[in-house]
Amino acid sequence: MTRSLDMMQDIERVLVTEEELHRRIREMGAQLTAEYAGKNPLVVGILRGVVPFYAEMALAIRTPCQWDFLSVSSYAGTESTGTLTFRKDLDIDIRDRHVLILEDILDSGRTLKYIRELLLERGPASLKICTLLDKPSGRTVELEVDYTCFTIPGAFVVGYGLDYDDYYRNLPFVGVLKPSVYEK
């Protein structure tokens, strides 16, 4: 499918502006810096949508830490398939480590719950989750996260790493995708 040269024509409205993203990530980074001071955490990103959030948040955490990534997928188009595909595991052993998972969006909760349970079996000293976005209306499993930058309504969002069919990730804000784009 060929995409328009102007991605903005596919956006119904901007939900979180670029400025709001940067400000909130700096605030959350300061909070995480205080919490993880002296703990040398391992900051784990869930690929791929987390990349912009991860890069900005990892730089906002001003305490020594290591970085690693997991790649687990459960989406096809706009819907979660309910089946998880594990593409990349951690390279660093997390036993007795303080682990902070960064994720782009908490929607159904299935993927994060699976990852949380998997990592807890590996014996970390602590395991916490920080999401850029939380969409409570999408939740299908019980899962609470430790930190959330923004709570959003039940809309299909793209931008700042979030995608539809691997497009729109490079928008510098979080926007609601027009239903006409994905209801074809």
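Note on Tyr182: it clusters hydrophobically with Leu171, by side-chain heavy-atom contacts below 4.5 Å among ILVMFWY residues. Note: the hydrophobic cluster containing Ile101 also contains Ile92 (ILVMFWY, side chain heavy atoms under 4.5 Å, direct or indirect links). Following chains of ILVMFWY side-chain contacts shorter than 4.5 Å, one cannot reach Val72 starting from Val51, and the two form parts of different hydrophobic clusters. Under the 4.5 Å side-chain contact rule for hydrophobic residues, Val14 and Leu21 do not share a cluster. Side-chain heavy atoms closer than 4.5 Å link hydrophobic residues (I, L, V, M, F, W, Y) into clusters, and following such links, possibly through other members, connects Val44 to Ile115.
In summary, Asp93 and Arg122 do not engage in a salt bridge, as defined by a charged side-chain N under 4.0 Å from a carboxylate O. The pair Asp104-Arg169 does not meet the salt-bridge criterion, since no charged nitrogen lies less than 4.0 angstrom from a carboxylate oxygen.
For the pair Val99 and Pro124, the tightest heavy-atom approach, listed with the atom from each and the gap, is CG2-CB, 4.0 Å. Of all heavy-atom pairs spanning Leu32 and Cys130, the tightest one is CD1-SG, 4.4 Å. Pro41 and Pro64 make their closest contact through CD-O, 3.3 Å (heavy atoms, listed as atom of the first residue, atom of the second, distance). Closest of all the heavy-atom pairs between Gly159 and Val174 is O-CG2, 4.3 Å. The two residues Ser137 and Gly154 have their closest heavy-atom pair at OG-CA, 3.1 Å.
The closest side-chain heavy-atom distance from Asp163 to Arg48 is not below 4.5 Å. For the pair Val157 and Leu177, the minimum side-chain heavy-atom distance is 4.5 Å or more. At least one side-chain heavy atom of Phe173 sits under 4.5 Å from a side-chain heavy atom of Ile11. The closest side-chain heavy-atom distance from Glu35 to Thr63 is not below 4.5 Å. With contacts defined as side-chain heavy-atom distances shorter than 4.5 Å, the pair Leu42/Leu100 does not qualify.
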Start with the C-alpha distance between Leu162 and Leu133, add both sets of side-chain angles, then the distance that settles side-chain contact (heavy atoms from CB on, under 4.5 Å), and finish with yes or no. CA-CA 10 Å; Leu162 297 148; Leu133 305 173; 3.3 Å; yes

Full working for side-chain contact (heavy atoms from CB on, under 4.5 Å) between Leu102 and Ile46: CA-CA 7 Å; Leu102 296 183; Ile46 311 302; over 6 Å; no

Apply side-chain contact (heavy atoms from CB on, under 4.5 Å) to the pair Tyr168 and Val181, showing each step before the final yes or no. CA-CA 12 Å; Tyr168 307 100; Val181 174; 3.6 Å; yes

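With rounding to the nearest 0.5 angstrom, the CD atom of Gln66 is 11.5 Å from the CG atom of Leu90. Distance NE2/His98 to CD1/Ile94: 12.0 Å, rounded to 0.5 Å. Between the CZ atom in Phe53 and the CD1 atom in Ile25 there is a gap of 5.5 Å [rounded to 0.5 Å]. The OH atom of Tyr114 sits 9.5 Å away from atom CG of Leu119, with the distance rounded to the nearest 0.5 Å. Between Leu112 atom CG and Glu144 atom CD the span is 12.0 Å, to the nearest 0.5 Å. Taking OH of Tyr36 as the start and CD of Gln31 as the end, the distance is 10.5 Å to the nearest 0.5 Å.
Panel note: side chain Lys135, backbone Ile105; no donor-acceptor pair is recorded below 3.5 Å. Side-chain atoms of Asp165 never come within 3.5 Å of backbone atoms of Tyr167 as a donor-acceptor pair (strictly under, hydrogens ignored). With hydrogens and angles disregarded, a donor-acceptor distance shorter than 3.5 Å links the side chain of Arg97 to the backbone of Asn40. Between the Asp134 side chain and the Thr148 main chain, no donor and acceptor come within less than 3.5 Å of each other. Within the 3.5 Å criterion, the main-chain N or O of Val43 finds a donor-acceptor partner in the side chain of Tyr54.
Under the side chain to side chain contact (heavy atoms under 4.5 Å, CB included) criterion, Thr140 pairs with Ser108, Arg110, sequence neighbours left out. Taking Arg13 as the reference, Leu15, Pro153, Val176 meet the side chain to side chain contact (heavy atoms under 4.5 Å, CB included) condition, with sequence neighbours excluded.
Within a 6.0 Å sphere centred on CZ of Arg62, other residues, nucleotides and ligands contribute 12 heavy atoms or fewer. Counting heavy-atom neighbours within 6.0 Å of Arg24 CZ, excluding the residue itself, gives a total above 12. Counting heavy atoms of neighbouring residues, nucleotides and ligands inside a 6.0 Å radius, atom CD of Glu183 exceeds 12 of them.
The aromatic rings of Tyr160 and His22 stand perpendicular to each other, their planes meeting at an angle above 60°, with 30° marking the opposite boundary.
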